[in-house]
Amino acid sequence: MSTLESIKGIGPRMKEKLNRNNIYDCFDLMYKYPSRYVVYQQKTLKDTIDNETVTLRGTVISKPIVHFIRRNLTKLQFKINIEERIFTVVIFNREYLSKMINVSEEVVVTGKIEREKYTFNATTLKLLKNYHDHIEAIYNIENITDQQFNKYVQAAIVEYSYLLKEDLPQTLIDKYKLITFEELIKIVHNPGDLSNLKHIDRRIKYEELFKFQMKMNYMKLKAKSKKVNIKKYDINSLREYIKKLPFTLTDDQKHMVNEIIKDIKSPYMMNRLLQGDTGSGKTVVASIAAYAVILSGYQVAFMAPTEILAKQHYQTFTKYFNNLNVNIVLLTGKIGKQERTEKLNLIITKPNTIIIGTHALFSDDVVYNNLGFVITDEQHRFGVNQRKKMREKGFLPDVLYMSATPIPRTLAISFFGDMDVSIIKQKPEGRKKVVTKLFTKDEMDLVYDIIHETLLKKEQVYIVTPLILESETLDLSNASQVFQTFRKQFKDFNTGLIHSKISSDDKDIVMENFNNGLIDILVSTTVIEVGVDNKNASLIVILDAERFGLSQLHQLRGRVGRGEKPSNALLVYNKNTEAKERLEILEKTDDGFVLSEHDLRLRGPGEFFGFKQTGDLKFLKADLLKDYKILELAREDAIEILTDQNSYYNKLYTPIFKYLKKELRNTKLD
Ligand code: ADP
Ligand code: MG
């Protein structure tokens, strides 16, 4: 039944070709929707614009000439009269047409019209008597022509389409006036009429996004339903801790603390993303949550993307938990064997421990003692697998992800549909806006002057460059060279260099000296991009700024303005208007979300989560950005169904739940 061989014309060889394209039976054939359509619809010349791809009718007025350009490339050329204007038609590799086309014959040509040049670059050419308006389905299937494939599909539809079942709930089909699945299958492979394309498009987009949202939100609900041991802690001790912090929490921070604490107390697993601009005070919030977990008798793991950051968090936490009964352990890949053994022992034996580190946190030899909470800083830098591994170390620990890369709402609900998202918008009081200015490379002298003034005030300076070593092809600044230049330029001050190829010990020394003021100018690559916190640094100069995304530049400038001092960011770029316009956005706005929206528009979503750009987010027609409105509707619909217990017994939803079950079996849950 429904085997490929049951279709006329499909023999063993064709079957193999289809198999190679993941088509194994007639249902696969029907489900293989065209990736796009080509519309053949006659227009009139006056309605076309230059360089448009159109179908026009005309009369041949010169005999076709064939040029043999090289092996496998011929050019057929003739003149045509279209609405009393003469064009030269050019078409490649159709030499055989020359015999069929005669002067004064009427033909229909499809292709790109170059009105100014009176040239018509044709892709299809038909005699008028053989032409009719139509829409061609393009499948892009390896080694099988679209016509041939479409023939098989049509045959499959005739035989088996009665077996296909709608899986969208009828209520939603009615709500949005979508075509039904039956109608879709009938027209998707052979739209016939132009107006059908819109119906096809709407139906497929909605279905794709609705199913996607059903899946994401189902996973989210399911994750929540997992019971963990309820954590109980002494609220007074926690209050005491908050009171002893060297500052008062902002309202946003208080709000976040409440949300996270509620998650910790609840019998459901926490799976929360905490977003907030760099410097908005996420780490403090995390420390409060960590303390609550420690007070309830569990261990906490805190994972950072780089050693520098891990160390900084370690120092911060050591300060915060000074005089409290909490062990803070730093676990990175770089420590010696004996020290490591000691630390691992401590982790096994002492429950009241916060373990801070990099990937080393989930090496196989690390055994936790009742791990209850995992905090992940800059979570978008970690691969899905690493996070999963970490989670497996504990008994379903609560998980808090922190990110300073503001994710546009558009993406947040797509990428983190299975997480709760909290946002800190407010900055701690007294924070000054980082004044941002653009300079071209020719204006370096001005930049040097500003650096000098800053240094004279005993304030420190970051210099950031895109590359580590000299690149042969690109005229970009590079850390080592820039370091030499600055050392010479500012002889009376100390300049330090840091980049990813420097040994971790040396990195430590440089960072320490920068933090304690021995180094005045720190030349660096983007290793300082996230989190590094030196309140006395008030100027950051970013070279070749056009090489960075806006969000990244925003992160970088967040290295300054962390204390009370007025701070500046100077973006030095290579004269180029496009770069200028883009970078000027940074002069104008300080809102990380606005900037990430710009990045998204200018550079696409890949910029944000390279690793998540697979599987789940590949749609045939839907586009997470362009179809955002549909996405939101689909999300509301999915949530409404999933959160109503009656839905699970309602026949209306049986097909979609069946689909869901099948899908989830095929997805490895993160
Ligand atoms: P993030 O992790 O969001 O980048 P941090 O938690 O590292 O931010 O905070 C940045 C700096 O601001 C730290 O030096 C921290 O001590 C300080 N800070 C945090 N919250 C406040 C606050 N409410 N008032 C004043 N300073 C704060
Ligand atoms: Mg941080």
Side-chain angles (χ1 to χ4, degrees), residues 278-279 306 308-309 312 431-468 476-500 502 506-548 552-574 583 586-587 590:
T278 167
T306 63
I308 296 180
L309 272 183
Q312 190 180 289
R431 250 341 125 62
K432 301 226 166 44
K433 193 177 155 188
V434 179
V435 177
T436 303
K437 289 216 176 68
L438 303 191
F439 289 89
T440 64
K441 258 194 171 157
D442 307 339
E443 299 169 317
M444 257 332 258
D445 282 346
L446 292 173
V447 173
Y448 286 137
D449 286 347
I450 298 171
I451 296 173
H452 204 145
E453 280 166 32
T454 309
L455 292 170
L456 289 178
K457 283 189 285 182
K458 299 249 178 315
E459 292 170 14
Q460 291 161 283
V461 180
Y462 289 102
I463 312 289
V464 180
T465 97
L467 292 178
I468 302 168
L476 290 174
S477 308
N478 62 83
S480 328
Q481 194 189 332
V482 169
F483 170 67
Q484 299 300 342
T485 311
F486 275 80
R487 215 157 57 158
K488 264 184 229 140
Q489 190 80 24
F490 297 96
K491 283 208 181 71
D492 301 337
F493 298 91
N494 290 322
T495 303
L497 173 64
I498 194 164
H499 56 65
S500 57
I502 285 180
D506 290 347
K507 249 190 243 174
D508 286 351
I509 295 170
V510 175
M511 276 324 288
E512 212 173 293
N513 286 338
F514 185 64
N515 284 334
N516 64 26
L518 281 179
I519 288 176
D520 306 292
I521 304 171
L522 181 63
V523 175
S524 136
T525 55
T526 53
V527 289
I528 57 129
E529 180 186 340
V530 282
V532 175
D533 193 26
N534 174 349
K535 290 190 167 58
N536 189 50
S538 66
L539 176 66
I540 184 164
V541 178
I542 303 168
L543 304 171
D544 297 305
E546 72 275 9
R547 297 274 297 181
F548 300 100
Q552 203 180 6
L553 289 166
H554 183 59
Q555 286 269 359
L556 286 168
R557 75 175 165 183
R559 293 315 102 226
V560 298
R562 300 178 76 86
E564 303 280 304
K565 301 189 171 75
S567 301
N568 295 291
L570 313 183
L571 310 182
V572 182
Y573 69 103
N574 296 295
L583 296 173
L586 282 158
E587 286 183 322
D590 199 31

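- Put simply, the side chain of Ser538 never gets that close to the backbone of Ser567: no donor and acceptor are under 3.5 Å apart.
- With sequence neighbours excluded, the residues forming a side-chain contact (heavy atoms from CB on, under 4.5 Å) with Leu518 are Asn513, Asn516, listed by chain and number.
- Proximity of Tyr573 to Arg547: side-chain heavy atoms (C-beta onward) are nowhere separated by under 4.5 Å.
- In this structure, Val572 and Glu546 approach most closely via the heavy-atom pair O-OE1, 4.2 Å.
- Residues Asp506 and Ile498 form no side-chain contact, since every pair of their non-hydrogen atoms from C-beta on lies 4.5 Å or further apart.
- Heavy atoms of other residues, nucleotides or ligands lying less than 6.0 angstrom from NZ of Lys491 number 12 at most.
- Under the 4.5 Å side-chain criterion, counting only non-hydrogen atoms from C-beta, Ile540 is not in contact with Leu570.
- With sequence neighbours excluded, the residues that form a side chain to side chain donor-acceptor pair (under 3.5 Å) with Thr436 are Arg557.
- Atom NZ of Lys535 and atom CG of Asn515 lie 10.5 Å apart (nearest 0.5 Å).
- Contact between Arg559 and Gln555 at its shortest, heavy atoms only, is NH2-O, 3.2 Å.
- Annotation: side chain to side chain donor-acceptor pair (under 3.5 Å) contacts of Lys565 (sequence neighbours excluded): Asn536.
- Shortest non-hydrogen contact noted between Lys433 and Glu587 is NZ-O, 4.1 Å.
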* Should Val541 and Val464 be marked as a side-chain contact (heavy atoms from CB on, under 4.5 Å) after you check the CA-CA gap, both sets of side-chain angles, and the distance that decides it? -> CA-CA 6 Å; Val541 178; Val464 180; over 6 Å; no
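- Atom CD1 of Ile463 sits about 6.5 Å away from atom CG of Leu543, to the nearest 0.5 Å.
- Considering only residues two or more places apart in sequence or on other chains, Asn534 meets the side chain to side chain donor-acceptor pair (under 3.5 Å) condition with Gln460.
- Glu443 contributes a side-chain N or O that, together with a main-chain N or O of Thr440, makes up a donor-acceptor pair within less than 3.5 Å.
- A heavy-atom distance below 4.5 Å is found between the side chains of Gln489 and Tyr448.
- A salt bridge links Asp544 to Lys441: at least one charged side-chain nitrogen sits closer than 4.0 Å to a carboxylate oxygen.
- Of the inter-residue distances, the one linking Asn568 atom CG with Glu459 atom CD reads 9.5 Å to the nearest 0.5 angstrom.
- Between the CD1 atom of Ile451 and the CD1 atom of Ile521 there is a distance of 6.5 Å, given to the nearest 0.5 Å.
- Pairing each heavy atom of Leu497 with each of Leu522, the nearest pair is N-CD1, 4.4 Å.
- The shortest distance between side-chain heavy atoms of Tyr462 and Leu539 does not fall below 4.5 Å.
- By the 4.5 Å heavy-atom criterion applied to side chains, Phe439 and Ile450 are counted as neighbours.
- Residues passing the side-chain contact (heavy atoms from CB on, under 4.5 Å) test with Gln484 are Arg487, sequence neighbours excluded.
- Atom CD1 in Ile542 sits 5.0 Å away from atom CG in Leu571 (nearest 0.5 Å).
- The shortest distance between side-chain heavy atoms of Val461 and Asp520 does not fall below 4.5 Å.
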* To do: Any chance you could lay out the side-chain contact (heavy atoms from CB on, under 4.5 Å) test for Thr454 and His452, step after step, and finish with the verdict?
  => CA-CA 5 Å; Thr454 309; His452 204 145; over 6 Å; no
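- Applying the side chain to side chain donor-acceptor pair (under 3.5 Å) rule to Asp449 yields no partners; only residues at least two apart in sequence or on another chain are considered.
- Using a 3.5 Å distance cut-off with no hydrogens or angles, the side chains of Gln481 and Asn478 do pair a donor with an acceptor.
- Taken to the nearest 0.5 Å, the CG atom of Asn494 stands 12.0 Å off from the CZ atom of Phe514.
- Relative ring orientation between Phe486 and Phe490 is described as parallel, the plane-to-plane angle staying below 30° on a 0-90° scale split at 30° and 60°.
- For the pair Val510/Ile519, a side-chain contact is recorded, criterion being any heavy-atom separation below 4.5 Å from C-beta on.
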